[in-house]
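Values in this document were obtained by computation on a predicted structure and should not be read as measured data. Values below: every heavy atom of this structure, side chains too, minus hydrogens, waters and symmetry copies. For reference, positions follow the sequence shown, starting with 1.
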Amino acid sequence: QVQLVESGGGLVQPGGSLRLSCAASGIDPSINAMAWYRQAPGKGRERVAQISNGGSTYYTNSVKGRFTISRDNAKNTVYLQMNGLKPEDTAVYYCQANRIGVNDYWGQGTQVIVSS
């Protein structure tokens, strides 16, 4: 089994940057992609970025050009570089390990607040 631990969240002013990290404490061959989701107050859960085992990436339109997802396989860690942050980016950000045929792994979440 795999445990996911997020870090790097915090309070930042509009236009600032943060780098979120997701460290996986194990390896599961059923995982085919890693993703970042977020949930803002009063809104539904939204997938913001994903990277497959082969390196293909996905971004939702609202963050494309500002956020970058990457991974370091040697460190078993996935990152989300967030630049040009806006107040509407305020949310709890969750790391997800996508699995084939069984339930996904989820991290506990890290809070990002963008405010002046």
Side-chain angles (χ1 to χ4, degrees):
Q1 301 299 312
V2 173
Q3 182 180 13
L4 305 177
V5 180
E6 302 100 331
S7 62
L11 175 64
V12 64
Q13 294 187 1
S17 298
L18 287 172
R19 175 175 286 189
L20 306 183
S21 298
C22 174
S25 62
I27 299 175
D28 188 330
S30 69
I31 297 173
N32 70 339
M34 299 292 295
W36 287 95
Y37 284 74
R38 68 185 181 187
Q39 187 162 20
K43 296 184 178 180
R45 184 180 61 187
E46 175 188 30
R47 181 162 62 182
V48 299
Q50 181 174 300
I51 184 166
S52 71
N53 289 353
S56 299
T57 57
Y58 159 86
Y59 301 95
T60 192
N61 287 337
S62 63
V63 308
K64 193 171 184 178
R66 299 188 296 120
F67 292 8
T68 303
I69 188 170
S70 62
R71 67 187 181 194
D72 187 334
N73 289 334
K75 297 181 179 180
N76 215 21
T77 300
V78 178
Y79 305 95
L80 185 67
Q81 179 66 46
M82 309 164 65
N83 298 326
L85 285 163
K86 304 175 180 180
E88 52 263 43
D89 295 318
T90 296
V92 177
Y93 284 72
Y94 298 92
C95 181
Q96 182 210 53
N98 302 121
R99 302 175 70 196
I100 301 175
V102 292
N103 290 341
D104 302 320
Y105 296 117
W106 289 89
Q108 192 170 1
T110 184
Q111 177 73 64
V112 172
I113 300 176
V114 185
S115 176
S116 59

Here the gap from Thr57 atom OG1 to Arg71 atom CZ, rounded to the nearest 0.5 Å, amounts to 10.5 Å
Thr77 backbone acceptor or donor facing Asp72 side chain under 3.5 Å: no
Ser25 side chain to Gln3 main-chain N or O, any donor-acceptor pair under 3.5 Å? yes
Locate the shortest heavy-atom distance separating Tyr59 from Thr68; write the atom from each residue and the value. OH-CA, 3.4 Å
For the atom pair OG1 (Thr90) and CD (Gln111), what is the distance rounded to the nearest 0.5 Å? 7.5 Å
Indicate if Tyr94 and Leu20 have the same hydrophobic cluster label, given that clusters are the connected sets of ILVMFWY residues with side-chain heavy-atom separations under 4.5 angstrom. no
Which atom pair, heavy atoms only, marks the closest approach of Ser116 to Pro14? N-CD, 3.7 Å
Which heavy atom in Gly26 sits nearest to a heavy atom in Asn76, and how many Å separate them? O-ND2, 3.0 Å
Give the minimum heavy-atom separation between Thr60 and Glu46, together with the two atoms involved. OG1-OE2, 3.6 Å
On a heavy-atom basis, which atom in Ile31 and which in Ala97 lie closest, and how many Å separate them? CD1-CB, 3.8 Å
Where does the angle between the aromatic ring planes of Phe67 and Tyr93 fall among parallel (under 30°), tilted (30 to 60°) and perpendicular (over 60°)? tilted
Using atom types as modelled and distance alone, determine if a side-chain donor or acceptor of Asp28 lies under 3.5 Å from a backbone N or O of Gln1. no
Are Tyr37 and Val63 connected in the hydrophobic side-chain network, where two residues link if heavy atoms are under 4.5 Å apart? no
For Leu4 and Cys22, the nearest pair of non-hydrogen atoms, with its separation, is CB-SG, 3.9 Å
Donor-acceptor contact below 3.5 Å, side chain Gln96 vs main chain Met34: no
Measure the spacing between CZ of Arg45 and CZ of Arg38 and express it to the nearest 0.5 Å. 14.0 Å
A side-chain contact here means heavy atoms from C-beta on lying under 4.5 Å apart; do Val12 and Met82 qualify? no
Nearest-0.5 Å distance, CD of residue Gln81 to CG of residue Leu18: 8.5 Å
Can you measure from OG (Ser17) to CG (Asn83) and round to the nearest 0.5 angstrom? 3.5 Å
Keeping Glu6 on the side-chain end and Gln108 on the backbone end, is there a donor-acceptor pair under 3.5 Å? yes
Closer than 3.5 angstrom, by distance alone: can the side chain of Tyr105 be matched with the main-chain N or O of Cys95 as a donor-acceptor pair? no
I'd like to know if Tyr79 and Ile51 are part of one continuous hydrophobic network [Ile/Leu/Val/Met/Phe/Trp/Tyr, side-chain heavy atoms within less than 4.5 Å]. no
Taking C-beta and beyond as the side chain, do Val112 and Asp89 meet within less than 4.5 Å on heavy atoms? no
